Amino acid sequence: KAAKDQVSDLEKKVQNDSQIASSLKVRSSSVDISFGGKTKSLTMIVPESAKELDHYIVLRKRVGHNKYTLDDSGVILTEQIAKKLGINVGDTITIKENNKSAQVKVSKITENYMTHYVYITPELYNTAFGEQVKYNEYFLLMPGLDEAAQLQVGNSLLKLPAANGVFYTSYYQNLLSHILVSLNIVVWV
């Protein structure tokens, strides 16, 4: 666990780096969700600002692509995990994070193709779990930077004691693109 001054140093670096267009504090944690006697593990995302989340993650309905906004009326759950557990909009699920459990309503189910997520506002998190959310990650936007420049920014952040790791979505985007191209070749053969 990083000291307050170390966290402050990381915050200053993120805010002052000219290559980082914007940032959003989030809580990301591994949780279990339960519904209908079944339990599955997934990642819970709690953005500091629900209004700003759409700059980093697109939440939308798969059919028709209607965009969703995260609000305090309930959580947004990714589609595949909802299907696996038989969850529909309006159902109440149990989320277990560490030794605390909370019951929350599912307000929307979003399109998603890699891993499983549940999105919850900080206000709903605070009410449901009875404690203030503690943020442990940043989402960063670095538009126009190639992979080498992104690595350079990431490596500069990793030099700070409060930084534990860096995850590049652009890397996985490129990897998935290459896999799909290869898969298309196999399909044609």
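Basis for what follows: all heavy atoms, side chains included, without hydrogens, waters or symmetry-related copies. As the structure is a prediction and not an experimental result, all values here were calculated from the model.
- Side-chain N or O atoms of Thr127 include none that pairs as donor or acceptor with a backbone N or O of Leu124 at under 3.5 Å.
- Using a 4.5 Å heavy-atom cutoff, the side chains of Thr115 and Leu42 are not in contact.
- When all heavy atoms of Tyr56 and Ser22 are compared, the pair lying nearest together is OH-OG, 2.8 Å.
- Between the side chain of Arg27 and the backbone N or O of Lys134 there is at least one donor-acceptor pair closer than 3.5 Å.
- Judged by distance alone, the side chains of Asp71 and Thr69 never bring a donor and an acceptor atom under 3.5 Å apart.
- At distances below 3.5 Å, at least one donor-acceptor pair connects side-chain atoms of Asn136 with backbone N or O atoms of Ser28.
- Under the 4.5 Å side-chain heavy-atom criterion for Ile, Leu, Val, Met, Phe, Trp and Tyr, Val14 and Tyr135 are members of distinct hydrophobic clusters.
- Pairs of residues two or more places apart, or lying in two chains, that qualify as side chain to side chain donor-acceptor pair (under 3.5 Å) and include a residue from residues 36-47 are Asp32-Ser41, Ser34-Thr39.
- Not one N or O on the side chain of Thr92 forms a donor-acceptor pair closer than 3.5 Å with the backbone of Lys105.
- Annotation: the span from Arg60 atom CZ to His65 atom NE2 amounts to 3.5 Å, rounded to 0.5 Å.
- Looking at Tyr138 and Leu157, their side chains never come closer than 4.5 Å, going by heavy atoms from C-beta outward.
- Following chains of ILVMFWY side-chain contacts shorter than 4.5 Å, one can reach Ile120 starting from Val89, so the two form part of one hydrophobic cluster.
- When all heavy atoms are compared, the tightest approach of Ser156 to Val153 is OG-O, 2.7 Å.
- Both Phe139 and Ile76 sit in one connected hydrophobic cluster of ILVMFWY residues. Membership requires side-chain heavy atoms under 4.5 Å apart, directly or through other members.
- Expressed to the nearest 0.5 Å, how far OG1 of Thr78 lies from CD1 of Ile87 amounts to 9.5 Å.
- A salt bridge is defined here as a Lys NZ or Arg NE, NH1 or NH2 lying under 4.0 Å from an Asp or Glu carboxylate O, and Lys13 with Asp9 fails to meet this definition.
- Side-chain atoms of Asn88 never come within 3.5 Å of backbone atoms of Asp91 as a donor-acceptor pair (strictly under, hydrogens ignored).
- Side chain of Tyr125 to backbone of Glu131: no donor-acceptor contact under 3.5 angstrom is found.
- Note: the hydrophobic cluster containing Leu141 also contains Ile45 (ILVMFWY, side chain heavy atoms under 4.5 Å, direct or indirect links).
- Gln6 contributes no side-chain N or O that, together with a main-chain N or O of Ala162, makes up a donor-acceptor pair within less than 3.5 Å.
- Note that CD of Glu111 is 11.5 Å distant from NZ of Lys67, once rounded to the nearest 0.5 Å.
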**Prompt:** Given Leu24 and His55, is the side chain to side chain contact (heavy atoms under 4.5 Å, CB included) satisfied, shown in steps?
**Reply:** CA-CA 9 Å; Leu24 177 64; His55 298 301; over 6 Å; no
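- For the atom pair CG (Leu160) and CD (Glu11), the distance works out to 11.5 Å, reported to the nearest 0.5 Å.
- Under the 4.5 Å side-chain criterion, counting only non-hydrogen atoms from C-beta, Val106 is not in contact with Phe35.
- A single hydrophobic cluster is not seen to contain both Ile33 and Tyr117; linkage of ILVMFWY side chains at heavy-atom distances under 4.5 Å, directly or through other members, places them apart.
- The two atoms that bring Ala128 and Ala102 nearest to each other are O-CB, 3.5 Å, heavy atoms only.
- The CG atom of Leu140 sits 4.5 Å away from atom CD1 of Ile20, with the distance rounded to the nearest 0.5 Å.
- Here the shortest heavy-atom pairing between Pro47 and Val26 reads CA-CG1, 3.8 Å.
- Closest of all the heavy-atom pairs between Ser23 and Glu52 is O-OE1, 4.2 Å.
- Interatomic distance, NZ of Lys108 versus CG of Asn66, reported as 11.5 Å (0.5 Å rounding).
- Heavy atoms only, all atoms of each residue included: Thr110 and Tyr68 are closest at CA-CE1, 4.1 Å.
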